[in-house]
Undergrad: 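So that we are looking at the same thing, I have put the structure below in structure tokens.
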Protein chains: 2
Amino acid sequence: MSIRIGILGYGNLGKGVEKAVNANADQELVGVFTRRDPSGVKLATEQAKVYSVDELPNMKDQIDVLIICGGSATDLPKQTPAYASSFNVVDSFDTHANIPVHFAAVNEAAMAGGKVGVISCGWDPGMFSLNRLYAHSILPDGRDYTFWGRGVSQGHSDAIRRIEGVKDARQYTVPVKEALDQVRSGKNPELTTRQKHTRECWVVAEEGADLARIEKEIKEMPNYYADYDTTVNFISEEELKANHSELPHGGSVIYSGKTGDKKHVIEYSLKLDSNPEFTGSVLAAVARAAWRMNQEGRRGAMTMFDIAPKYLSPETDEFLRAHYL
Amino acid sequence: MSIRIGILGYGNLGKGVEKAVNANADQELVGVFTRRDPSGVKLATEQAKVYSVDELPNMKDQIDVLIICGGSATDLPKQTPAYASSFNVVDSFDTHANIPVHFAAVNEAAMAGGKVGVISCGWDPGMFSLNRLYAHSILPDGRDYTFWGRGVSQGHSDAIRRIEGVKDARQYTVPVKEALDQVRSGKNPELTTRQKHTRECWVVAEEGADLARIEKEIKEMPNYYADYDTTVNFISEEELKANHSELPHGGSVIYSGKTGDKKHVIEYSLKLDSNPEFTGSVLAAVARAAWRMNQEGRRGAMTMFDIAPKYLSPETDEFLRAHYL
């Protein structure tokens, strides 16, 4: 019997989850739930239906896990706790400072409803977090470094788009090769924000806009750009579409640790053609785990730290030991 | 209260575990158990004692987890099941074909005694296994490649030492760069054994030995060398000691997967100055997990696939979410 999946939200991430669920032989997409007019949303999956989000409360018996694909700023803090009492839920909440509050809210709802709610899944937070945890647990004397990119940061691209005179933009986060090399060599350098990453911007300006002002506003934007070496390139709309319409990403978690005088370097790295499709694939695997753990009587909020790896796989324990161990 | 650890066997791995336990603030080394005469064994840890293995049955109440550091060929198949009914146990069993039998034997003993027995821990099997499992679970359409080295293979070194006229030897397993590059690029090549690794041998011959015959015997040795491009270098005993007395190792698990037309490459790699010290560090972390899971009422045989990552860490769930998520 398939695990019946619902997707809430049909942006890039929701579409990535849809593709992942369809690639999983043990999962079945029941429907996509949207705040938009359902008649205006066309799915990639023929047999699944588009529903208004208002119909979710009536579909408790038809969905085993609801994967919530909203944004961390305003959607997930409301949605995940709201649905965690009626559904097993999975989200990709990534506003780090607010994780304790979000976890507590989801836990309360999931405990009340006897469901499992897994928050902050994906690759960072998610797979990168797991690698930080495993490495620190194995080698207590050491430190972790996380590098992101080369890849498109949607938050940083959006920040440029909000500047007056900007029509469209794409921002790439790029790790600094010298910093990567130093960390990989086990040198444990102290690195400033500026020394770890650069930011590369591709901007389409409106006709007649003051390019010098736009460039200055980008480079001086606090939090987003001021602490980085930033390059700004103005291009045409056609060029942006032709060369910068994909959403690649990736990065590395490097842990440099010691046992006495012996050095050990652990590196986990990702090179992803599509950030939302890979993230969606993680969410779909976690949905499987959420369902199985709930079937075994588990309830409450969790992160990937709480999930024994075997629950993510559709294979039997015997198969896993025979083929992956 | 510290987790009280016993170590069975004091070879390279046992010494690595000792160092790891001493580096873990929440663990305490009670003693090392040996089949040798205890008076001839000197520990690195002052406060711990050396015992004869015969004293183990009397120390059930003084040891929370017994880390068994014997060999996979003949020691572990007997030792781990024998002690799993009286102690929580951890081993690094790595004879792949015999894992089902070993798992079943440990499970029976551990279930009977109400203990946890975790088998096949370390980096391969162990951390590499976890990475194969996570990757396959996230991206069902893909394949994994495992490369070992550059590092010393003790089994392959021992095989050379058994040849007549050989006084000592060290063998390095070396991954082939072209194969690594192909796999990292996401090309999913079919690779033969010979295409993935080469073998580099450093041999001290006895005086007057027939070097040509030794080289031929190494290169034609079935299973160990015949399927590889092998180079044999004869050196002096002093040179071996000066340049080849360490036990570095490492390698990579590379998973190359797809979501439709998008490619994703996941790589987990290790560069270890000391194979036994890193492996010992994994065993010590798993001992923590075994103890905590047993305290929560879990029993029976497990592998690292069955362990939620948080159990490996000495930190609280709140700390893990705040710092590693």
Side-chain angles (χ1 to χ4, degrees), chain A residues 16 19-20 23-25 96 99-100 103 120 125 127 129-134 136-141 144 184 186 259-260 262-274 277-278 280-282 285 288 303-310 312-315 317-318 320-325, chain B residues 16 19-20 23-25 96 99-100 103 120 125 127 129-134 136-141 144 184 186 259-260 262-274 277-278 280-282 285 288 303-310 312-315 317-318 320-325:
Chain A
K19 207 166 173 180
N24 285 335
H96 205 273
I99 285 175
F103 187 89
S120 302
M127 293 309 300
S129 318
L130 287 174
N131 277 281
R132 289 186 283 261
L133 169 52
Y134 276 117
H136 278 281
S137 302
I138 295 168
L139 298 174
D141 181 9
D144 66 77
R184 283 185 179 135
T259 50
K262 307 290 186 207
K263 284 200 265 183
H264 310 285
V265 178
I266 306 171
E267 177 164 355
Y268 179 80
S269 68
L270 296 173
K271 278 185 293 183
L272 311 175
D273 272 3
S274 165
E277 292 189 12
F278 186 81
S281 299
V282 177
R288 174 184 296 124
T303 70
M304 292 179 80
F305 294 162
D306 302 290
I307 298 176
K310 69 170 177 179
L312 297 167
S313 170
E315 307 292 352
D317 291 3
E318 290 74 19
L320 298 180
R321 287 195 293 269
H323 296 276
Y324 302 153
L325 196 62
Chain B
K19 207 166 173 181
N24 285 335
H96 204 273
I99 285 174
F103 187 89
S120 301
M127 293 309 299
S129 318
L130 287 174
N131 277 280
R132 289 186 283 261
L133 169 52
Y134 276 117
H136 278 281
S137 302
I138 295 168
L139 298 175
D141 182 8
D144 66 77
R184 283 183 178 137
T259 50
K262 307 289 188 207
K263 283 200 266 184
H264 310 285
V265 178
I266 307 172
E267 177 165 355
Y268 179 81
S269 68
L270 297 173
K271 276 185 295 185
L272 311 174
D273 271 3
S274 165
E277 292 189 11
F278 186 82
S281 299
V282 177
R288 175 183 295 122
T303 70
M304 293 179 80
F305 294 162
D306 302 289
I307 299 176
K310 68 169 177 180
L312 298 167
S313 171
E315 307 291 353
D317 292 3
E318 291 74 20
L320 298 180
R321 287 194 293 268
H323 296 275
Y324 302 152
L325 197 62

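Values below: every heavy atom of this structure, side chains too, minus hydrogens, waters and symmetry copies.
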Undergrad: Got a donor-acceptor contact below 3.5 angstrom from the B/Lys271 side chain to the A/Arg184 backbone?
TA: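 Indeed, once roles are kept as given, a pair shorter than 3.5 Å links the two residues.
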Undergrad: Between A/Asp273 and B/Lys263, does at least one N-O distance fall below 4.0 Å, as a salt bridge requires?
TA: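 Answer for the salt bridge query: no.
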Undergrad: Would you say that A/Ser137 contacts B/Glu315 through its side chain, given a criterion of any heavy-atom pair below 4.5 Å between the two side chains?
TA: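 No, every pair of side-chain atoms sits at 4.5 Å or beyond.
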Undergrad: B/Leu325 versus A/Phe305: any side-chain heavy-atom pair under 4.5 Å?
TA: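 B/Leu325 vs A/Phe305: side chains touch.
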Undergrad: Tell me, do A/Arg321 and B/Ser129 make a side-chain contact under 4.5 Å, heavy atoms counted?
TA: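 No. Closest side-chain heavy atoms not under 4.5 Å.
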Undergrad: Look up atom NE2 in B/His323 and atom NE2 in A/His136, then write down how far apart they are to the nearest 0.5 Å.
TA: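 If I round to the nearest 0.5 Å, the distance is 10.0 Å.
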Undergrad: Identify the two heavy atoms, one from A/Tyr324 and one from B/Arg132, that lie closest to each other, and give their separation to 0.1 Å.
TA: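 The answer is O-NE, 2.8 Å.
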Undergrad: With only heavy atoms counted, which part of B/Leu130 is less than 4.5 Å from chain A, the side chain, the backbone, both or neither?
TA: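 Just the side chain, heavy atoms under 4.5 Å.
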Undergrad: Does the side chain of B/Met127 reach to within under 4.5 Å of the side chain of A/Ile138, using non-hydrogen atoms?
TA: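 Answer yes - side chains close enough.
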Undergrad: Among A/Ser269, A/Ala20, A/Ala285, A/Ala322, who wins on heavy-atom pairs under 4.5 Å with chain B?
TA: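 When all of A/Ser269, A/Ala20, A/Ala285, A/Ala322 are compared, A/Ser269 has the most.
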Undergrad: Heavy-atom cut-off 4.5 Å, strictly under: side chain, backbone, both or neither for B/Pro140 against chain A?
TA: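 Contact with chain A: side chain only.
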Undergrad: I want to check something: taking the side chain as every heavy atom from C-beta on, are A/Leu133 and B/Leu320 in contact at a cut-off of under 4.5 Å?
TA: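 Yes, side chains in contact.
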Undergrad: Return the minimal non-hydrogen interatomic distance between B/Pro309 and A/Ile307, and the atom names on each side.
TA: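 Nearest heavy atoms, B/Pro309 then A/Ile307: CD-O, 3.2 Å.
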Undergrad: Side chain from CB out, backbone as N, CA, C, O: work out which of these in B/Tyr268 comes under 4.5 Å of a heavy atom of chain A, or both, or neither.
TA: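 Answer is both: backbone and side chain atoms of B/Tyr268 are under 4.5 Å from chain A.
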Undergrad: Checking heavy atoms, do the side chain of A/Ile99, its backbone, both or neither come under 4.5 Å from chain B?
TA: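 Only the side chain of A/Ile99 comes within 4.5 Å of chain B.
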Undergrad: Just so I understand: if I count every heavy-atom pair under 4.5 Å between each of B/Asn24, B/Asp141, B/Val265 and chain A, which residue has the most?
TA: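 Looking at each option in turn, the highest pair count goes to B/Val265.
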Undergrad: Find out whether A/Phe278 and B/Thr259 are in side-chain contact, i.e. whether some heavy atom of one side chain is under 4.5 Å from a heavy atom of the other.
TA: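 No. Closest side-chain heavy atoms not under 4.5 Å.
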Undergrad: Can you tell me which portion of B/Asp306 sits under 4.5 Å from chain A's heavy atoms? Options are side chain, backbone, both or neither.
TA: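 For B/Asp306, heavy atoms of backbone and side chain both lie under 4.5 Å from chain A.
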Undergrad: Grab the two heavy atoms, one from B/Leu139 and one from A/Ser281, that are nearest each other, plus how far apart they are.
TA: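 Closest approach of B/Leu139 to A/Ser281: CD2-OG, 3.8 Å.
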Undergrad: Counting only non-hydrogen atoms closer than 4.5 Å, does A/Thr303 touch chain B with its backbone (N, CA, C, O), its side chain (CB onward), both, or neither?
TA: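 Only the side chain of A/Thr303 comes within 4.5 Å of chain B.
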